[in-house]
Structures are given as structure tokens and as C-alpha cells.
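The structure under discussion appears below in the form of C-alpha cells.
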Amino acid sequence: MAIGYACITLGVYQTTLHRIMAKNVTEDKLREITKQNLEALEKMIDFNRENEISLFRISSDVIPFASHPLNAQRWWEEHQEQFHRIGDKIAASGMRVSMHPGQYTLLNSPHPEVVERGIEDLIYHERFLTALKTNRSSKLILHVGGIYGDKSTAIERFIYNYNRLSDPIKSRLVLENDERCYGIEEVYNLGKAVGAPVVFDVLHHHINPSQKERTVKEWIHLCSQTWGEKDGVPKIHYSQQQLGGRIGAHSQTIAIKEFLNFYTSLEGIPIDIMLEVKDKNLSAIKCSYVIQAHKILKKSLEKEWARYKYLVLSQSATIYQQMRQLMKRYPEDAVKTFYTLVEQAQVLPLDRGACQNAGLHIWGYFKNICTESEKKNFHIKLERFAEGKTKYESVKNYLWKMAEKYEQTYLLNAYYFINDKTQSQ
DNA sequence: CACCGTCAAGTCGCA
DNA sequence: TGCGACTTGACGGTG
């Protein structure tokens with residue numbers, strides 16, 4: 001039973017994936033970005049290991065233009081050493097990694113060239129997971145695709161092209177219900193027909209339910225049976241609706257209460273849960289800690305507190321104090337209370353006073369080591385923010401640059417610096 | 001340095 | 001018939 005997150009690790013230094021635009025592509029730049037992105041991936045894997053996250057979706061963007069004619073490099077050979085090192089870390093920690101080709105990867109398009117590009121993309125993803133020396137429980141998740149005016153023909157085309165795929169690809173492919181075209185019943189039947197396991201996506205199912213009267217738990221149970229022994233623990237996707245967002249938009253964070261209701265309703269069906277949520281690793285750690293609260297060491301929650309504290313302080317000094325006291329007393333239900341307080345802080349509106357206060361606290365790291373002009377610059381920026389003349393981002397950006405310059409590792413891994421305009425308005 | 005338009009790909013739905 | 005949404009934040013050009 002593992003809980004994981006997808007593609008991006010927030011608030012962890014140098015885990016950004018880099019890109020290049022088609023018009024700027026050169027051999028050297030592709031090579032450089034590939035190397036850099038593999039280094040970033042390694043740092044994400046390190047973070048997951050250090051925080052006991054054993055389920056992770058690797059971004060398709062690690063290799064730029066991976067399945068595009070612009071990139072003819074044999075990256076899996078050129079960067080073999082990096083792949084092996086990352087793969088060893090994954091294996092050593094018992095982490096399960098997956099990949100999820102995007103919305104442009106289609107097996108059932110009526111346009112042959114679209115299908116061929118789709119197959120190329122699957123070859124890329126399979127090659128990536130194999131370069132990491134993962135076994136076939138490392139999955140490639142795929143949607144069925146479009147309807148093109150005639151669903152049954154579209155499904156036939158899917159089956160036809162699925163059967164053209166190589167065995168290594170087929171042994172990794174898993175099908176997922178989507179929010180528009182193919183509901184779980186159709187995907188389940190299709191999975192049965194081609195012999196592919198099925199991932200049940202809770203939010204997609206909610207938006208695009210199948211006709212047949214079955215409960216979520218029954219569907220999850222049925223889908224579990226499509227997973228063979230070598231496919232690993234059956235997996236589902238879980239996300240929550242962003243309030244006020246487009247239907248199907250993923251929420252900023254996973255609300256613990258709602259998650260626990262869902263989790264309890266499963267009554268211990270053995271599954272892995274991939275969270276699809278904007279705050280990524282933050283929710284993955286939160287959810288996995290909350291469902292096994294009694295097993296969580298104080299040390300682990302202290303690590304979380306270290307990452308959250310300035311973010312909380314910038315939202316509310318009161319909640320910050322409550323959490324400080326909580327960590328001091330550390331009562332029986334500390335884990336759940338901790339995240340409940342974090343959630344309370346997250347929904348508060350922007351409070352310039354609290355932001356200013358947090359800025360000053362962080363400035364404490366620099367006030368005795370900085371130059372006069374840095375000191376002056378900071379106070380000007382903070383002042384301008386307090387007067388409502390600039391965004392908090394400009395203060396944060398400045399503090400970030402200072403943290404980098406003076407190598408304040410503690411700050412470089414603080415959630416305070418996560419760029420997210422929606423989080424603090 | 002701050003700001004903002006653009007981005008490799010396919011399909012669907014709407015004007 | 002053509003364009004925006006989907007999703008997303010980094011890139012990269014401009015002032």
C-alpha cells in the first residue's frame with residue numbers, strides 16, 4: 001500500500017526539469033538538458049527515499065523531444081551511467097516508478113501517422129523504464145483516446161494497434177478511464193479484451209461514470225483483478241475537484257478529511273494510490289503520514305515542520321504558534337492535528353502583516369552575514385510590499401537569491417519558496 | 001531586471 | 001472553418 005505523486009517535486013532544490021523550444025534545438029543543448037534533467041530526477045528520487053515515498057510517476061519531459069525526429073540521440077546509451085545510478089537507487093529503496101504518456105499519444109487515431117508517432121512515444125517511455133532496469137510492475141499508463149465519430153470502430157482500431165506493439169511495451173501498458181470519452185466499464189472491457197491491467201481513476205469516474213450500477217469500491221475491486229502477479233500491486237488514481245475550477249481540474253491539495261473517508265471506504269483492499277494534485281509531494285507525504293499516523297516517527301514530522309514552518313508563518317502567526325506548541329508537546333494525535341492546522345493556514349487569505357513577519361524571520365539568516373546594500377535592498381522590497389506596491393513574490397525572490405548566495409540549505413528546501421500564485425492568492 | 005507571449009504533439013466543442 | 005481549452009511553468013525575447 002503506497003501513496004505517490006506525479007512528475008514534479010515541489011520545494012526541493014534543483015529538481016526543475018528544463019526545456020528547449022524546437023527552433024533552438026542543437027545537439028549540444030539536447031545533450032546538456034538531458035544530463036541536467038537526469039540530475040534533477042535523481043534529486044527527486046533522493047527526496048522520495050528520504051521521505052519514504054515509494055510510488056512515483058516520472059515525468060515524460062525528462063528527455064527533450066524524446067520521440068520527436070528533432071532528437072536522434074541515443075540518450076539511453078550516452079547517459080547510461082546516470083540511468084544505472086538512478087535505477088539502483090529506485091531498486092534499493094523498493095520504489096515503484098511509472099510513466100504516463102500525454103494526451104497526444106494515441107493508438108486509436110484514424111490518422112496512421114498519428115498512431116505511428118504514438119507508438120514511437122511508447123517506445124521512448126518503455127526504453128526509459130528499461131534503462132532504469134525496472135521490472136514490469138513499472139507501468140506505462142495510457143488513455144484509450146478519441147471517438148472520431150464512431151466509438152466501436154475507434155475501439156477496434158485500438159485493439160488492432162495494441163496488438164502491433166512489442167511485448168516489452170505490452171507488458172507495461174495499463175489503461176485508464178478518462179473524464180470524457182471512455183468510462184471505466186468500456187476501459188475494463190477493453191483491458192480484458194487485450195489483456196492489459198486497468199487503472200481506475202476516481203475523479204474521472206465521478207465526472208464520466210459508466211452506465212452500470214456499481215460502487216467505486218466494486219469497480220476498484222474488479223479492476224484489481226485485471227492485474228497479474230508480475231504487474232505488481234493494483235493501482236488507482238485519486239484526485240479531488242478544485243473548487244471553483246473547471247470540472248475535472250485537480251485541487252491544490254488533497255483535503256485529508258475527504259481522503260480519509262475514501263480510504264476508509266476501501267476497507268483495506270490492497271492497492272497503490274497515485275495522487276494527482278497540484279501540491280504533489282506535499283500531499284503525498286501528508287496522506288501517507290495521516291493513514292499510518294501511529295507509525296510515524298516524531299523525527300519524520302519534525303522534518304515536515306522544518307519545511308512547512310515559514311509557509312505557515314507567512315499565512316498566520318497564530319497557527320504557527322499552535323504548531324510550534326504541537327511539536328513541543330507531541331500528543332498522540334500530533335500527525336493529524338499537524339496537517340489539519342496546515343490546511344487551515346493554507347486557505348487563509350493573504351495577510352500582508354503575516355507575510356512581512358515571515359520575511360523578517362527569514363531575514364534573520366542573513367542579517368549578520370549580508371552586505372550593507374543587500375540589507376538596504378531587502379528592507380526596501382519589504383517596505384514596498386507592506387505598502388501594497390509590489391507582490392510578495394518580489395520579497396520571496398530576493399530571499400531566495402540570498403539563500404542561494406549564502407547556501408542556506410535549510411531555506412533552499414523550505415515549502416515557503418514554492419511558486420504558487422493560487423496558494424496564497 | 002521585470003514582464004509576458006509562446007510552446008512539439010491531437011481531439012473535441014463551440015462560435 | 002478556425003480557434004480555444006486541455007495543462008503548465010520554463011524559455012526567451014522585449015522594453
Side-chain angles (χ1 to χ4, degrees), chain A residues 5-12 14-26 29-30 32-34 36-37 40 44 57 59-72 100-125 142-151 153-155 157-158 161 176 178-182 201 203-204 207-208 237 239 241-242 245-252 276-280 373 377 380-381 384-385 389-398 400-401 417-423:
Chain A
Y5 68 99
C7 304
I8 289 170
T9 310
L10 295 176
V12 180
Q14 286 178 344
T15 55
T16 304
L17 294 176
H18 294 270
R19 313 167 149 206
I20 181 168
M21 289 204 245
K23 59 178 176 176
N24 300 316
V25 164
T26 64
K29 278 186 185 152
L30 286 177
E32 188 193 317
I33 288 174
T34 301
Q36 209 178 0
N37 284 352
M44 299 185 204
R57 180 190 301 163
S59 168
S60 299
D61 296 334
V62 174
I63 311 292
F65 293 95
S67 61
H68 193 282
L70 277 172
N71 188 347
H100 191 348
Q103 58 197 315
Y104 305 115
T105 305
L106 296 156
L107 282 184
N108 75 341
S109 170
H111 309 289
E113 64 284 3
V114 172
V115 175
E116 294 318 307
R117 282 198 289 269
I119 292 174
E120 280 304 313
D121 205 42
L122 291 178
I123 291 171
Y124 154 56
H125 285 92
L142 192 69
H143 290 289
V144 180
I147 294 170
Y148 314 94
D150 178 2
K151 214 172 201 175
T153 313
I155 290 174
R157 248 189 336 261
F158 183 94
N161 288 317
E176 179 192 349
D178 66 75
E179 63 185 50
R180 227 148 111 192
C181 304
Y182 295 90
D201 185 298
L203 185 62
H204 290 165
I207 297 163
N208 179 23
H237 289 176
S239 49
Q241 173 67 44
Q242 169 79 295
R246 162 195 71 88
I247 299 290
H250 295 152
S251 62
Q252 176 58 39
E276 293 178 319
V277 57
K278 292 197 187 120
D279 73 1
K280 307 289 181 184
S373 71
N377 283 339
I380 289 169
K381 280 190 193 290
R384 283 177 57 79
F385 166 72
K389 287 179 187 161
T390 53
K391 290 184 281 187
Y392 196 37
E393 300 303 309
S394 69
V395 174
K396 275 193 181 182
N397 289 344
Y398 194 75
W400 176 255
K401 276 179 201 152
F417 287 107
I418 293 171
N419 262 330
D420 199 339
K421 280 130 203 154
T422 56
Q423 197 156 33

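For the numbers below, each heavy atom of this structure counts, side chains included, while hydrogens, waters and symmetry mates do not.
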Using only side-chain N and O atoms of [X], determine if any of them is under 4.0 Å from OP1 or OP2 of [N].
X        : N      : answer
A:Asn24  : C:dC11 : no
A:Tyr104 : B:dT11 : no
A:Arg19  : B:dA8  : no
A:His18  : C:dC11 : yes
A:Lys29  : C:dC11 : no

Among B:dC12, C:dA10, C:dG13, the one nearest A:Arg180 by side-chain distance: B:dC12
Closest to the A:Tyr148 side chain, choosing from B:dA8, B:dT11, C:dC11: B:dT11
What is the nucleic acid contact for [X], judged by heavy atoms within less than 4.0 Å: base, sugar-phosphate only, or nothing?
X        : answer
A:Thr16  : sugar-phosphate
A:Ser67  : nothing
A:Ile147 : sugar-phosphate
A:Asn108 : nothing
A:Lys280 : nothing

Cation-pi geometry met for A:Lys396 and A:Phe385 (6.0 Å, 45°): no
Span that lies between the [atom1] atom of [M] and that of [N], in whole angstrom:
N      : M      : atom1 : value
B:dC7  : C:dC3  : P     : 14 Å
C:dC11 : B:dA8  : P     : 13 Å
C:dA10 : B:dT11 : C1'   : 25 Å
B:dG5  : C:dA5  : P     : 14 Å

Identified pairing partner of B:dA9, criterion: Watson-Crick or G-U wobble below 3.5 Å: none
Complementary nucleotide of C:dT8, counting Watson-Crick and G-U pairs under 3.5 Å: none
First encountered from the 5' end of DNA chain B, between A:His111 and A:Ile20: A:Ile20
Most 5' of A:Gly146 and A:Ile63 on DNA chain B, judged by nearest nucleotide: A:Ile63
Between [N] ([atom2]) and [X] ([atom1]): distance, integer Å:
X        : N      : atom1 : atom2 : answer
A:Asp279 : C:dT8  : CG    : P     : 12 Å
A:Asp61  : C:dT8  : CG    : P     : 11 Å
A:Glu120 : B:dA8  : CD    : P     : 19 Å
A:Leu17  : B:dC7  : CG    : P     : 21 Å
A:Gln103 : C:dA5  : CD    : P     : 14 Å
A:Tyr182 : B:dG10 : OH    : C1'   : 14 Å
A:Arg57  : C:dT8  : CZ    : C1'   : 14 Å
A:Glu276 : C:dC6  : CD    : C1'   : 14 Å

pair A:Asn37-A:Asp61: side-chain heavy atoms closer than 4.5 Å: no
Beyond-backbone contact of A:Leu122 with A:Pro101, side-chain heavy atoms, under 4.5 angstrom: yes
Has the side chain of [X] got a donor or acceptor atom that lies under 3.5 Å from a matching backbone atom of [Y]?
X        : Y        : result
A:Asn108 : A:Gly146 : yes
A:Asp121 : A:Arg117 : no
A:Thr15  : A:Thr9   : yes

Chi angles and distances behind the side-chain hydrogen bond (donor to acceptor under 3.5 Å, both in side chains) call for A:Ser60, A:His100: CA-CA 7 Å; A:Ser60 299; A:His100 191 348; over 6 Å; no
